Amino acid sequence: MDARRQVLEAADALVAAFARNDTEAYFAAFSEDATFIFHTTPGVLESRAAYRAVWDGWQRDELRVLECRSSNRHLSLLGPVAIFTHDVATRLLLGGETVDSLERETIVFRQEQENAPWLACHEHLSAMPDHLPPT
């Protein structure tokens with residue numbers, strides 16, 4: 001299977017695990033040294049474990065992912081590194097209320113060695129602007 005297809009399958013699996021609120025499968029899609037930047041949290045989360053601690057807190061606060069749809073996808077392959085960007089429409093249950101969001105996300109994947117799985121090593125999530133400038 002070619003690298004492009006492998007990365008897209010890894011991205012699909014990551015998004016699907018998030019959409020199912022499947023914590024174990026979701027975090028298995030990231031390398032241990034992955035970093036995370038979210039517009040909803042202060043600073044950079046410097047590891048998968050740091051993000052997992054935040055996630056576990058969200059789960060204790062009754063955050064549940066109900067749905068996640070990926071669109072406007074783009075992939076750039078750079079040898080053993082791939083940059084995947086997309087728009088993300090998410091529906092969450094937060095404290096008993098349904099919350100919808102539309103965001104932009106960049107996920108950087110890397111393959112440590114040939115035939116190894118592609119793992120996400122960086123994720124950056126940004127709020128989607130209400131109004132985009134004319135192109």
Side-chain angles (χ1 to χ4, degrees):
M1 179 184 326
D2 71 0
R4 180 175 185 76
R5 185 169 169 191
Q6 290 174 346
V7 174
L8 289 173
E9 286 183 0
D12 288 343
L14 187 155
V15 171
F18 180 79
R20 291 189 313 272
N21 206 79
D22 183 341
T23 298
E24 297 310 317
Y26 178 56
F27 280 92
F30 294 99
S31 63
E32 288 182 21
D33 64 346
T35 55
F36 305 86
I37 300 174
F38 303 128
H39 65 95
T40 57
T41 60
V44 177
L45 299 171
E46 299 277 350
S47 67
R48 180 177 69 190
Y51 177 26
R52 178 67 187 261
V54 170
W55 175 271
D56 289 346
W58 291 339
Q59 296 285 290
R60 281 190 303 277
D61 291 341
E62 299 183 14
L63 178 140
R64 296 293 178 271
V65 180
L66 302 175
E67 184 179 357
C68 182
R69 293 183 320 279
S70 171
S71 64
N72 196 26
R73 298 157 42 112
H74 179 30
L75 178 65
S76 297
L77 282 173
L78 308 164
V81 174
I83 301 169
F84 175 76
T85 59
H86 64 151
D87 296 341
V88 184
T90 305
R91 176 166 284 170
L92 303 171
L93 184 64
L94 182 56
E97 292 189 34
T98 301
V99 178
D100 292 309
S101 65
L102 183 58
E103 297 157 312
R104 291 180 174 163
E105 184 172 51
T106 299
I107 305 172
V108 179
F109 289 89
R110 74 169 179 241
Q111 187 178 44
E112 290 292 325
Q113 54 189 322
E114 194 172 334
N115 298 322
W118 288 85
L119 294 176
C121 61
H122 180 74
E123 180 178 352
H124 187 148
L125 186 67
S126 302
M128 181 72 77
D130 290 337
H131 301 284
L132 297 174
T135 57

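Here the structure is a predicted model, which is why all the values come from computation and not from measurement. Here, residue 1 is the first one in the sequence, and each next residue gets the next number.
Taking the charged nitrogens against the carboxylate oxygens, E112 and R110 do have a contact shorter than 4.0 Å, which makes a salt bridge.
A donor-acceptor distance shorter than 3.5 angstrom exists from the side chain of N21 to the backbone of V65, with no hydrogens or angles considered. Between the side chain of R73 and the backbone N or O of T85, no donor-acceptor pair lies under 3.5 Å. Judged purely by atom type and a 3.5 angstrom limit, Q111 uses its side chain to pair as donor or acceptor with the backbone of A116.
Scanning both residues, H86 and S70, for their nearest heavy atoms gives ND1-OG, 2.6 Å. A28 and L119 make their closest contact through O-CD2, 3.6 Å (heavy atoms, listed as atom of the first residue, atom of the second, distance). Smallest separation of non-hydrogen atoms from A34 and A120: CB-O, 3.7 Å.
Sparse packing is recorded around CZ of R69, with 12 or fewer heavy atoms of other residues, nucleotides or ligands lying under 6.0 Å away. Other residues, nucleotides and ligands contribute over 12 non-hydrogen atoms within 6.0 Å of the CD atom of E67.
Rounding to the nearest 0.5 Å places CG of L75 at 8.5 Å from CZ of F109. The line from CG of L125 to CD of E105 is 5.0 Å long, rounded to the nearest 0.5 Å. L63 CG to L93 CG: the interatomic distance, rounded to the nearest 0.5 Å, is 8.0 Å.
In this structure, R52 forms a cation-pi arrangement with F27, its terminal cationic atom sitting closer than 6.0 Å to the ring centre and no more than 45° off the ring axis.
Hydrophobic clustering of Ile, Leu, Val, Met, Phe, Trp and Tyr side chains at less than 4.5 Å, counting indirect connections, keeps I83 apart from V15. Linking ILVMFWY side-chain heavy atoms closer than 4.5 Å, directly or via other members, places V54 and F38 in a single hydrophobic cluster.
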Requested in this report: May I have the step-by-step check of side-chain contact (heavy atoms from CB on, under 4.5 Å) for W58 and L94, ending in yes or no?
Outcome: CA-CA 9 Å; W58 291 339; L94 182 56; over 6 Å; no
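When each of V81, T35, V108, I107 is tested with C121 by the rule side chain to side chain contact (heavy atoms under 4.5 Å, CB included), just one qualifies, namely V108.
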